[in-house]
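Every number for a ligand or one of its atoms is a count from 1 in the order of the listing. We use all heavy atoms of the structure for the numbers below, so side chains are in, but hydrogens, waters and symmetry mates are not.
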Amino acid sequence: MAEAVRIYEVGPRDGLQNEPGVISVDRKVALIDFLARSGLCDIEVGSFVSPKWVPQMADTEAVLAGMAPAPGVSFGVLVPNMRGWEGFVAARQPDVRYEVAVFISASEGFSQSNLNCSVAESVARLTPVVAAAQEAGVPVRGYVSCVTDCPFDGPIAPDQVARAAARLRNVAPMQISLGDTIGKGTPARVAAMLEAVAAEIPVAELAGHFHDTGGQALANIAVALDHGLRIFDSAVGGLGGCPYAPGAPGNVATEAVLDLMARRGFETGVDRDVIAQAAEMARGMR
Ligand code: HMG
Ligand code: MG
């Protein structure tokens with residue numbers, strides 16, 4: 001039997017967060033409901049963050065209210081602090097499975113620009129969120145951004161990424177998604193980074209989150225597969241862009257990752273035809 005790879009769809013959050021226009025709640029909900037019929041088990045749908053910082057996600061409460069429950073699918077939301085947790089608790093719907101995602105950066109420059117605080121402060125802010133989620137029985141995922149490069153601090157040493165991932169794991173064991181936020185990673189540098197992180201964290205707990213800004217995302221995913229990673233984040237239709245590289249592609253496209261997995265003999269359980277139709281919808285949102 002073919003080995004399984006899990007695709008974590010981030011288009012409705014990471015993709016739409018980086019598109020210049022604000023997409024209506026109805027169109028977001030239509031895309032999410034469609035994706036939920038593709039066989040995907042994880043779909044990230046929004047963020048409980050400041051609307052001043054990320055206006056594209058200001059309607060997450062309405063998106064959660066509009067979505068149809070989908071058995072077997074877990075819906076992810078980003079939550080940076082207790083204010084965000086309270087927003088999530090007020091917005092969540094009965095009979096829907098959610099996952100809360102907390103996020104830090106491996107670099108101080110991106111932490112300041114993204115969260116307005118140091119890495120240590122961001123860990124302090126997310127620690128009670130993780131505790132509250134555990135108390136409420138909601139699974140938690142963690143992100144580490146800038147795992148190869150930071151738009152402010154430049155190249156990031158593999159050890160620095162390993163230390164950041166270990167900081168998250170010290171809060172609680174959780175799935176940790178390693179983000180090449182600005183898509184500058186190359187296979188050799190991704191390999192070095194993964195080797196450093198794998199010395200701290202079991203590979204089964206790691207996910208790869210590659211932006212395709214430099215056109216290297218699929219090559220980087222291939223290297224991550226060789227290092228034993230079996231969870232990959234992607235955005236249908238390659239939604240999103242990069243605020244630090246105008247015009248550049250966004251997250252690696254879900255359909256391209258599915259094709260790579262098929263070529264490499266991995267099973268994803270995701271229907272390629274449904275994703276192709278969802279990609280059409282997504283491209284219409286640009
Ligand atoms: P801050 O300004 O330092 O926060 O922002 P504050 O605590 O001083 O509060 C300032 C104002 O924000 C207050 O409102 C708070 O109530 C409000 P005011 O009194 O001015 O009206 N506020 C909030 N509002 C809504 N939801 C909240 C919340 N918290 C405070 N949760 C904060 C700190 C974290 C809020 C801010 O920096 C923020 O929202 N940042 C957004 C970060 C973000 O969403 N970035 C994109 C996602 S990360 C990513 O894309 C990377 C990833 O894809 C992986 C990769 O590619 O690397 C995951
Ligand atoms: Mg991202």
Test of proximity, [X] against ligand 1: N or O pairs below 3.5 Å:
{"X": "Phe103", "answer": "no"}
{"X": "Gly84", "answer": "yes"}
{"X": "Asp180", "answer": "no"}
{"X": "Asn114", "answer": "yes"}
{"X": "Cys146", "answer": "no"}
{"X": "Tyr143", "answer": "no"}

Which is it for [X] and ligand 1 at heavy atoms under 4.0 Å: side chain, backbone, both or neither?
{"X": "Ser145", "result": "both"}
{"X": "Arg141", "result": "neither"}
{"X": "Asp14", "result": "side chain"}
{"X": "Val147", "result": "neither"}

About how many Å separate [atom2] of [Y] and [atom1] of [X], when rounded to the nearest 0.5 Å?
{"X": "Phe232", "Y": "Asn220", "atom1": "CZ", "atom2": "CG", "result": "10.0 Å"}
{"X": "Glu44", "Y": "Asn251", "atom1": "CD", "atom2": "CG", "result": "9.0 Å"}
{"X": "Asp180", "Y": "Asp233", "atom1": "CG", "atom2": "CG", "result": "12.0 Å"}

Exercise. Give a yes or no on whether the backbone of Ser47 and the side-chain of Thr60 come within a donor-acceptor separation of less than 3.5 Å.
Key: yes
Practice problem: Count, excluding waters, the protein N, O or S atoms that are closer to the Mg ion (ligand 2) than 2.8 Å. | Solution: 3
Would a search of protein heavy atoms around [atom] find one under 4.0 Å away?
{"atom": "atom 10 (C) of ligand 1", "value": "no"}
{"atom": "atom 13 (C) of ligand 1", "value": "no"}
{"atom": "atom 45 (N) of ligand 1", "value": "yes"}
{"atom": "atom 6 (P) of ligand 1", "value": "no"}

Quiz item: Which of these passes side chain to side chain donor-acceptor pair (under 3.5 Å) with Asp42: Arg6, Gln175, Arg97?
Solution: Arg6
Which residue owns the protein heavy atom closest to [atom], what's the atom, and how far is it?
{"atom": "atom 21 (O) of ligand 1", "result": "Lys52 NZ, 3.5 Å"}
{"atom": "atom 30 (C) of ligand 1", "result": "Asn81 ND2, 3.7 Å"}
{"atom": "atom 38 (C) of ligand 1", "result": "Trp53 CG, 3.7 Å"}

With atoms numbered from 1 as shown, which atoms in ligand 1 lie under 4.0 angstrom from a non-hydrogen atom of [X]?
{"X": "Arg125", "answer": "33 (C)"}
{"X": "His211", "answer": "56 (O)"}
{"X": "Asn116", "answer": "1 (P), 2 (O), 3 (O)"}

Quiz item: With Val45, which of Leu64, Val29, Leu31 fulfils side chain to side chain contact (heavy atoms under 4.5 Å, CB included)?
Solution: Leu64
Quiz prompt | Of the listed options Glu86, Arg83, Met57, Gln56, closest to atom 22 (N) of ligand 1 (non-hydrogen atoms) | solution = Arg83
Using a strict threshold of under 4.0 Å (side-chain N to carboxylate O), is an ion pair present between [Y] and [X]?
{"X": "Lys28", "Y": "Asp33", "result": "no"}
{"X": "Glu255", "Y": "Arg272", "result": "no"}
{"X": "Arg169", "Y": "Glu205", "result": "yes"}

Quiz item: For Tyr8, is the NZ or CZ atom of Arg141 found under 6.0 angstrom from the centre of its six-membered ring and inside 45 degrees of the ring axis?
Solution: yes
Self-check item: From CA spacing to verdict: salt bridge (Lys or Arg N to Asp or Glu O under 4.0 Å), Glu86, Arg83
Solution: CA-CA 5 Å; Glu86 284 147 20; Arg83 167 78 197 271; 5.6 Å; no
